[in-house]
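Keep in mind it's a predicted model, so treat the numbers as computed, not measured. Excluded from the calculations below are hydrogen atoms, water molecules and symmetry mates; all remaining heavy atoms, backbone and side chain alike, are included.
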Amino acid sequence: MSFPKRPVANPAAECRLVVVQDNLHQCPYLDDQVARMPLELPIGPVTGKVTDWLLERGYRRSGNFVYTTQCGGCRECKPTRLRPTEFRWGKSFKRVLARCERELTWTWGKPGADQRRVDLFNAHRDGRNLGRDDHRVTLDSYQAFLTESCCHTMELAFYREGSLIGASIVDVGQRSLSAVYTYFDPAESNYSIGTLAILRQVLWAREHDFDWLYLGMYVAENRHLNYKARFGPQQRLIDGRWVTID
């Protein structure tokens, strides 16, 4: 079976996106909505500049594939980004960061894959009603979703008293970071690790002089995604244009 190839017009490298799956399915973000998110495989090196190019056009990564939403009649999914140097530090953010520095440790490194991470991933999903019991993640599916990657990817891991309590998978471009997925032990929710992960990504991006931190999709009617409005000022990709939201 052959699939259409879409050229990536980027001077950094020869890279083509091959559509490997394109079908309608139940929307993962909104009830009673039909979604279309063509899954595309990059052919050629996904350099840092290519990663930046893809993120700027609203692409997200899942394993070795990338995708964008192309849903007919619905434009609720809005890719979101912020400039680390312009991030507004509120008092609540400072409290979360201060507690982390007192009570937790964290590391940046190559993404790991083991049973502890799989158990935390499933516990987080179950605790926040993010999936069904018949779709529990295994070590193989965890690797296929998060640690296998077509681009440079890192893991921000959080520990309390030496025990892993949460992790955030982050894609790294030349000038951009992209928060792919964050999960944590529900029993440690008092540390606000979802918020903490973004704050530590902002600091890392500033330290390494990155222009953008991409936060994934913002969906106003989805409580698992609309929290991103707290982080600003930010931009959202609306009808092909990045619009500042402050």
Side-chain angles (χ1 to χ4, degrees), residues 5-20 37-70 77-89 106-113 143-157 167-182 196-218 228 231-238 240-245:
K5 292 184 178 182
R6 180 192 304 177
V8 175
N10 190 293
E14 281 293 322
C15 182
R16 293 181 179 273
L17 298 181
V18 179
V19 179
V20 297
M37 303 177 184
L39 204 60
E40 304 181 53
L41 177 66
I43 303 298
V46 182
T47 63
K49 286 186 178 181
V50 172
T51 298
D52 291 347
W53 189 94
L54 291 168
L55 290 170
E56 188 174 5
R57 281 149 185 81
Y59 277 90
R60 300 284 293 156
R61 180 185 67 81
S62 178
N64 286 310
F65 305 93
V66 297
Y67 65 93
T68 55
T69 55
Q70 299 180 32
C77 291
K78 299 178 176 65
T80 303
R81 70 183 185 182
L82 59 82
R83 284 193 181 276
T85 55
E86 297 176 0
F87 180 69
R88 191 163 46 238
W89 292 87
W106 60 92
T107 60
W108 283 91
K110 183 179 178 180
Q143 291 174 310
F145 174 38
L146 293 177
T147 64
E148 294 178 7
S149 177
C150 58
C151 62
H152 180 43
T153 299
M154 297 180 70
E155 177 190 78
L156 169 60
S168 185
I169 305 300
V170 183
D171 288 344
V172 184
Q174 180 171 312
R175 307 299 304 168
S176 309
L177 291 184
S178 174
V180 177
Y181 198 90
T182 298
L196 174 60
I198 293 177
L199 300 180
R200 297 248 46 113
Q201 290 164 25
V202 168
L203 291 174
W204 195 92
R206 291 179 61 175
E207 179 183 350
H208 293 83
D209 196 30
F210 277 60
D211 295 330
W212 297 105
L213 169 59
Y214 288 79
L215 302 181
M217 299 292 185
Y218 169 83
K228 296 170 187 178
F231 302 91
Q234 63 180 240
Q235 292 185 349
R236 296 178 195 157
L237 188 60
I238 301 173
R241 294 178 54 250
W242 285 100
V243 178
T244 299
I245 309 293

[Y] and [X], any side-chain heavy atoms less than 4.5 Å apart:
| X | Y | value |
| --- | --- | --- |
| L17 | L54 | yes |
| M217 | P79 | yes |
| C151 | T153 | yes |
| H152 | V46 | no |
| L177 | V172 | yes |
| R81 | L215 | no |
| S62 | Y67 | yes |
| V19 | L39 | no |

Can you tell me if [X] and [Y] form a side-chain donor-acceptor pair at under 3.5 Å?
| X | Y | answer |
| --- | --- | --- |
| Q174 | S176 | no |
| R60 | S178 | yes |
| T80 | Q235 | no |

Take W212 and F210 through the ring-ring contact (aromatic ring centres under 6.0 Å, His included) test and state the conclusion after the steps. CA-CA 6 Å; W212 297 105; F210 277 60; over 10 Å; no
With under 30° as parallel and over 60° as perpendicular, where do the rings of W204 and H208 fit, or are they tilted in between?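 Parallel.
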Might you work through the side chain to side chain contact (heavy atoms under 4.5 Å, CB included) test for R88 and F231, ending with a clear yes or no? CA-CA 7 Å; R88 191 163 46 238; F231 302 91; over 6 Å; no
Minimum-distance pair of heavy atoms, taken over all atoms of [X] and [Y]:
| X | Y | result |
| --- | --- | --- |
| G173 | D52 | CA-OD1, 3.4 Å |
| A144 | E148 | CA-OE1, 3.8 Å |
| L156 | A197 | CD2-O, 3.9 Å |
| P45 | V50 | O-CG2, 4.1 Å |
| L82 | P233 | CB-O, 3.6 Å |

Heavy-atom donor-acceptor pair, [X] side chain to [Y] backbone, under 3.5 Å:
| X | Y | answer |
| --- | --- | --- |
| W242 | E56 | yes |
| R175 | D209 | yes |
| Q234 | K228 | yes |
| R57 | W53 | yes |
| T51 | T47 | yes |

Can you tell me how far [atom2] of [Y] sits from [atom1] of [X], rounded to the nearest 0.5 angstrom?
| X | Y | atom1 | atom2 | answer |
| --- | --- | --- | --- | --- |
| W108 | E155 | CH2 | CD | 10.0 Å |
| Y181 | I169 | OH | CD1 | 11.0 Å |
| Q201 | F87 | CD | CZ | 11.0 Å |
| Y214 | L237 | OH | CG | 8.5 Å |
| L203 | L213 | CG | CG | 10.5 Å |
| T182 | I198 | OG1 | CD1 | 7.0 Å |

Going through the distances and angles, do V180 and L146 end up as a side chain to side chain contact (heavy atoms under 4.5 Å, CB included)? CA-CA 8 Å; V180 177; L146 293 177; 4.2 Å; yes
Salt bridge flag under 4.0 Å for residues R61 and D171: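 Here R61 pairs with D171 in a salt bridge, since their nearest N and O are under 4.0 Å apart.
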Test log, rule side chain to side chain contact (heavy atoms under 4.5 Å, CB included), inputs L199 and W89: CA-CA 9 Å; L199 300 180; W89 292 87; 3.8 Å; yes
